[in-house]
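Let me begin by presenting the structure, written as structure tokens, before commenting on it.
Residue numbers start from 1 in every chain, and the chains themselves are labelled A, B, ... in the order their sequence lines are given, proteins ahead of strands.
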Amino acid sequence: MNFKHKFVFLFPGLFVLIGILIFPIIFTIRLSLSGWNSYTPEMNFIGITNYIRLFTDDPRFWESFFRLSFLSVTTVILQYVIGFALAMMVWREIKFKRFFRVIFLVPMMTTPVIMTVIWRTFFHESLGPVNDLLGGLGVKPILWLSDPVIAKFTVIIVEVWQWTPFMFLLLLAGLLSLPKEPFLAAAIDGASPFRKFVYVTFPLMAPISIGAIIIRLIEASKIMDTVFVLTSGGPGTATETSSFYIYIKGLREFQMGYAATLSFTYLVIMIISLTIIAKVLTKLMIKE
Amino acid sequence: MNLIGEKISYKPDEQFHLNDVSFNFKKGNLYTILGRTLSGKTTLLKTIAGLLNPDQGSISFEEKDFIKIPVWERNVAMVYQQFINYPHLNVYENITFPLEQRKLSPEQIKKDVDEALKTVGLVGFENRKIQELSGGQQQRVALARSLAKKAKILLLDEPLVNLDYKLREQLREEFKRIFSEGLSQDTILIYSTTDPQEVMELNGEVIVLDEGKVLQKGPAKEIFENPSNLKVAEISNDPPMNVLKGSKNSKNLNFENISLEIPNHFKNLEDRDYNFGIRASEIKLDENGEEFEIELAEISGSETLLHLKRGNSKIIALIEEVMNFKIHEKVKINFNANKFYAFGEDEKLVSSPYGGTNG
Amino acid sequence: MSKLYTFLKYFFITFWTVFVVAPFLWAVSTSFKDFQSVNSKVTYIPWLDFEPTLEGWRVLIKSPAKGGVDIVEPYFNSIFVTCTASLISIVLGTLAAYALSRFTFKAGFVRNNDITFFFISQRIMPPIVLSIPFFIFLSTIGLLDSLLGLVVVYIVLLMPIAVWIMVDFFNRVPKELDETALIDGCNPYQAFYKVVLPNSIPGLIVAGMFCIIFGWIDFFFAFILTFTEVQLLPVKVVALNSSITPWWSLSASALVSVAPLIIVAFIVERYLSKGNLSGALK
Amino acid sequence: MKTIKTCVTALISALLVFSPVAYADKWSDQFPHIKATGDIPGDCSYESMSKKNYKGKTLKINTHAVPVMGEPTALHAEQFAKLTGAKVDVTHTPAGDLYAKAMVPFQAGQAPYDIVFGFSNFINDWRRYLEPVPKKYVEMKQMKDVTPSHIGVASWDGVMYQFPVDGDRHYLKYRKDVIDNPEYQKQYKEATGKELKVPTTWKEYGEMAAYFNGWDWDGDGEKEYGSAEVMKKDDLMYAAFYSRSAAYSKNPKTPGGFFFDLETMKPLINNPGFVEALTDWVAATKYVPPGGINFGLGDEIGSFGGGQTLFSFSWDDAFVAAMQPDSPINNKVGAAQLPGAMKVWNRKTNSWDEGFNQAPFFVWGWAVGVAKKSKEKEMAFDYLCFFANEANHQADIGIGRFGVNPFRNDDFKVDVWTQIGWDKDIAQSYVDTLAQMEQSKNRVFPLRVPGTFEFNAALATAAAKALAGQLSPQAALDEAAKQWEDILNRVGKDNVRKAYAVGVAMEDNKQ
Amino acid sequence: MEEQMAKIDLSNISHTYNPLDPKPTYALNPFSMTWENGKRYAILGPSGCGKTTMLNIVSGLVRPSKGEILFDETPVTDLKTEDRNIAQVFQFPVIYNTMTVYDNLAFPLRCREFTKEKIEERVKAVSDTLNLSSFLNSPARKLTADQKQLISLGRGLVREDVAAVLMDEPLTVIDPDLKFRLRRNLKEINEQYKTTLVYVTHDQNEAMTFAENIIVMDQGEIVQVGLPKDLFEKPKTTFVGYFIGSPAMNIFHSTVSSDHEVKINDTTIKTNSNLGNLKDKNVKLGIRSEFIELAEKEKSNTVKIKLTRVEDFGNFKLLTGKMGDLVIKSKVEREKPIPDGELNLYFPPEKCCVYSDEKLV
């Protein structure tokens, strides 16, 4: 089917999107070639100076990028594993199924910046309930937010809490749409629940999984609100992610030109790496 | 005033879906397009409907360039092999849908729909939801929608293929009645199928398609009796025509250590190697016949299909009876030599018991 | 084996439920506290551990001059912006998704998949990347600090989601359905709204749900692009983050901000249970 | 009967109207906020403001989140609106985003706000977008009372860009009930051989904090800790570091720069003085409450104000919070100057000068300015003037959560504080502490140069790494110094020098 | 091959989906039946006739409302599918996508922890029979649909102890070209393995091709069990007559006129049935169009018809004629000359079936 009318369908959305984005993108690229900062707020042209600085003299950005990779990959893996497990558990009949399903969806509906504030009080090392309850069990206070290593995991915990529901929803919907024959066949073959999962459920869910993981990786790579509120990137720079670093450079230190350089570089890296991840995942999980 | 297609080709990717197809369809006639799956039948119908634009060639209808007319103005109707109806509408609304598109008066719509419902035997089902109907009923709704439209070109794309055996039989019967009673003399009916029986039964003009190419055109009987080559012979017979590699000499036809007397219509045939063709129904069980081994006895309707093997040749015999056989059992059969076809090594028809030759 | 499995299953479910609910319970508890109950030692249960006060909740509707944050107007602003942007995104996104699912586009090396990727890739951009350009952009077209300006920005945020869901969805609606409509005399637009759309309700619900969620929870753009005329809920709530943080009112406002989306959770679950969404969410 | 009653009422009313108190009450009835003092006559008093008419005009203000500064802003906005008929829109923004929230529109040539609140050290970045305070206001009576150091903080090169509404400095807060407790004094002496008294050096501070760390010394059943400090790497953390470094590095013998050597513009922050301070600070992580290494100002206020620690140093907030009537440690806290050191680095001789040294840090405080592009400048200044009028100011400084702190000579009177329920000796120590800082000749002012944010952020990042144990103090500060060089090169040494000279002049108290 | 297959007894089975109703509507009417070891059974009927319910009862997916199922005299009614020792092949080929063909076939044995040698031996044996030997190391997902279906089957066969292999319309999604191959394979396998095979289908061709015993079902009821030939020649009900064979059996309303004769319109037809106690009652006469012969002239047991249509099916011709308002179809050889207008058709008495109350007399 091919009509000239096809453009009437595509163009409104496409042009609105391009129309809104074209200026910001060009502006960002141009800005990245300028030295705009708080004291010289002008679109001067300084060539690729900013890029040279980024590639030769800014280990903090690259550290933040690797930290981001670690955080997003870890959270997404955890979200996937937990989301899958939860979906598996409320997939078939279980008591209070609907109650659990709703409960499991709720965190996704909360605003990260607001919810993280609650988390911050929750994990407050001396005034929060977690250490207090652990103290009741005789566990020494854990430095949830102030130990460079533990803080990373606290960020991960909060991210997992917030976004596992998203995974859960996509995977549960996927499970609900699976045919039942393969499961019967496996039962008849005498497969244990474990084997059933490894050889039936998991392979059948592979395409859905890939979609869900990619989408979550895209979203997780933007992780910022959580870090912003929870630890402000600290202690030290232990939880600083790329977008938070860009935020600091841009809106705290007001090095707009350099922040634009960071942004643009970051975007390019993200698009490339996400494309590669998508390809690799497809290879690994579907094995075509 | 005909529907004329000339040198239509469609090649969206590496392969031709249609390759140099021409046709001339006259009003009031039934055309069947016979071909295997993926032979280009659906593509051809979609091209006529206007859902696809050919890369090359032209289609004209009533002396107008059809390709320039968009689908929705072409006044065609199409029934798909999947039972396509509007899931959000009930039976009645489904059938009125195209009529309302044409802005007919409510009385006219009511009249046409009732008529169509009666034709397909769905009176009383008006308010049912589509999902509540069986496959056969769904296909009837689709057909009713097409009929109610009174389109000038009615396209049916393997409408029965996805139905149960018995339903197929029943609906086919109804089709014949509908085609003879329910259509005006203005309508061109084009019916595509993979089933040679259907083609014979509908008894219209046939186009045999394979890999997007027209292999043969003609009345059903002609196709059946004088297939122009081996491919057509295979496609147009169910079970496919048996092919035996063999040779003719001055005295006999020889294949698989079997010698047969030369039938009359082969008398003038050159002595050389041939692909002999013989229909399954022309092979009979015979105590004095040649021995073959049974690979499978298949019962189809009220017939038994014997899949037989001897040497390198595999053939199928059709027994007009329901019989039970065991696999690997030996049976003796007899070929009706008078019904042998001879195809050259280029697979073209050389001699047919019905007198046809290629060219 | 299966007993152990059942035990583990219920254990895990219970554990996760507790994990999910815990911060909310903590927020509920905290919302009734005051400076002393928060800062002296860890307290949990009102009356038992501390004397509850409604101050945290009262703050939400009090004027700032009395130390409150008036969240009523921001609340409605948020609802308006989220719903409007979602609606526009879904309309435009659905149209584009339909085009991408049904027609072939070729322009140079660009194919359908590339266009789809372009749409979805907008989600890759962290808000920070776009915040300043958007600021300049909106100030140029005079939409800074206005609901309309936010709607414009949120379209960028939400349309990718609508396109992502709907392309997938349309790919599973048989093409023959639209073809039949065309044959039945509908032009492509009629075919779309008379036939395709009525059969896409589950997809639209999912897309709508995601748009609403992602619109509702945005903070960054709402923060950068508004001043005094317009404030959205998250910005208003985060503005509670003073150097003396009023945990109580933050908790109360967190609970208030979650409330409308809990309804969304129920709708989603309902559709899931009816099996309507599984097709739309693969 | 009825007539008599009416007469008496009328008489009393008449008396009230004509007495000074009665005059004040006319406004305090309407505005209970100032009921303690009533309206105090002045250029921007309630009385004067009520004569202005801004009907139909709108004033837009961006201020800090409620309650610190946010609540008084909103409160005075409401009063101002009532008095003048103007419409006042106030938005609240978290501290960390105040800078960007104003800077983004400034740089885009917009003026969405007429009045922007921020920190005083934004002055160099903001001043070119701010309207200098008109002469009329500078010469007002209420302005004359502002201490010279706070005039200095609000001005740049003699031009006042920020309207003084708040005064800030870092000083030491301690638990009087512990330090003055003979029982603990004895106990401490036995344990360490030293006197338990208000610490005068950081070393003493550390020893005491370490001793009183991790046990229940106030008998409330909860553990208490040594010190609450801002260690979270955000916009405030470097201030705590400068407070701790001043004594080791601000040598009265070597004027001409604390952060940089004004002549060479070489960063000084990795000299042994700073390293010593950072080493102290790293040691301090051992006597802060759990999670103390991630305390922001709010946490610090909550921790000390809630009675959790022995010491704290930074802005007034924690002290004032502790002194609120409903606080459990109300009147149990004391104020003192920041501790000093027994040695100070001499960068000229490249050696330690032995002997006691102390240097107060006039850390930035709340500052507010009027946008140059504002269309309602007059109204804006009137509002600010009204905000800081005597009556409002006196009422504001007593309310801890308002974050409005003393910056006028008047504020250094003991009775201002005893009036609101402080014990006399505590009020005295508080006032003394503040006054002494005004008089000190060896002071440190915050860095106010182009790129201030970058310098401070680089330092904070490095210090945070040291606190987290990622780097040694020396290495961390070397890293920071290197980054400072980079920033200098990017911004231009001369630009920075020019700006820094303004601050150094104030530090060296030359004006 | 040892005889390990089981005899399956279905005793007094019935099933209803509303068991609490005092007069339940049965999805499966009460019946008893025994399936012998090593035989091939087909359950045939239109959709909704209860055939899938019956299969599910055997496989354990549905617990019958009443009655008992015994495998080799052992009751299994309450056992779950996985414990019943059956194999099942579904409409859609079910394979483990991530495994090779070998692993697929070995899977049921691995689940049961057989030794490596034993597994190897069994897989080899089964793959030889199924012609899968050459694919053993290829990933199962790369095979064609019919090969995949063979793997599904192979996983059942690889276990020597399965009581029965159940197949639920296994050829539905198989390409017509491949169907033949698979049918032959199934039949061969059965002959070699002597497995009890139960085959559910709506397609009479499949059922008749495949099974020795066909169980025809209609509306929850078993209407006939028998060999294909019996079903064809002596359908026990008019439904079987209609359902089996193409075209369907000719069925005429008639009245019994004597002990062996019925009357259609005014023509008397002799049959071999004993109709003594049905005198003057209304019955139906059924005869297959294959068995109707063209008669030169009117004689006994001929009917005179008016020819309305002659259709050339290629392999045969179908005559449609009318006798009054009754339509008669008769299949004749293609080459046979057909006279125009009226002709006489002969009904051989031994091929005439008489139905009273839709049941064969």
Side-chain angles (χ1 to χ4, degrees), chain C residues 34-43 51 53 55 59-60 62-71 73-74 128 131-140 142 144-146 219-220 223-232 235-247 249-250 253, chain D residues 58 60-79 81 89-97 100-101 104-105 107-110 112-113 220-222 236 296-308 315 317-318 321 324 326-328 400-403:
Chain C
D34 58 14
F35 184 86
Q36 283 313 321
S37 334
V38 167
N39 281 302
S40 50
K41 58 175 187 174
V42 187
T43 49
E51 201 50 47
T53 151
E55 195 51 30
V59 160
L60 301 185
K62 261 201 321 205
S63 95
K66 296 194 179 67
V69 272
D70 190 357
I71 65 160
E73 197 191 320
I128 171 73
S131 55
I132 300 300
F134 268 149
F135 186 93
I136 312 259
F137 176 62
L138 289 188
S139 80
T140 315
L144 215 48
D145 201 16
S146 70
F219 160 72
F220 207 77
F223 170 69
I224 294 288
L225 304 174
T226 59
F227 304 113
T228 54
E229 295 296 319
V230 171
Q231 291 227 299
L232 296 197
V235 179
K236 200 76 180 179
V237 174
V238 168
L240 279 168
N241 251 319
S242 193
S243 41
I244 300 173
T245 313
W247 302 120
S249 37
L250 261 172
S253 59
Chain D
T58 307
K60 295 179 176 180
I61 305 173
N62 186 42
T63 184
H64 184 228
V66 171
V68 179
M69 222 58 194
E71 194 176 334
T73 310
L75 173 69
H76 299 319
E78 201 183 78
Q79 295 165 339
D89 284 343
V90 180
T91 54
H92 301 268
T93 304
D97 297 309
K101 196 78 187 168
V104 174
Q107 293 207 334
Q110 301 269 323
Y113 302 116
D220 66 349
E222 298 280 318
L236 310 175
L297 180 58
D299 302 305
E300 187 218 86
I301 296 168
S303 179
F304 181 79
Q308 202 186 15
W315 288 266
D317 311 72
Q324 291 298 303
D326 57 351
S327 158
R401 65 173 191 279
F402 275 21

Find the one option among D:Ala74, D:Gly109, D:Ala77 whose heavy-atom pairs under 4.5 Å with chain C are most numerous. D:Ala74

Residues in side-chain hydrogen bond (donor to acceptor under 3.5 Å, both in side chains) with C:Ser131, at least two apart? none

Contact part of D:Pro105 toward chain C, heavy-atom cut-off under 4.5 Å: side chain, backbone, both or neither? both

Counting distance only, does the side-chain N/O of D:Lys60 pair as donor-acceptor with the main-chain N or O of C:Glu229 below 3.5 Å? no

C:Thr226: partners by side-chain hydrogen bond (donor to acceptor under 3.5 Å, both in side chains), with sequence neighbours left out: none

As a quick check of understanding, evaluate side-chain contact (heavy atoms from CB on, under 4.5 Å) for D:Gln110 and C:Phe227, giving each step before the final call. CA-CA 11 Å; D:Gln110 301 269 323; C:Phe227 304 113; 5.6 Å; no

Apply side-chain contact (heavy atoms from CB on, under 4.5 Å) to residues D:Tyr113 and C:Thr228 and explain how you reach the verdict. CA-CA 8 Å; D:Tyr113 302 116; C:Thr228 54; 3.3 Å; yes

Specify the closest pair of heavy atoms between D:Thr91 and C:Gln231, including all atoms of both residues, with the distance to one decimal. CG2-NE2, 3.7 Å

Heavy atoms of C:Val238 and D:Pro94 approach each other most closely as O-CG, 3.6 Å

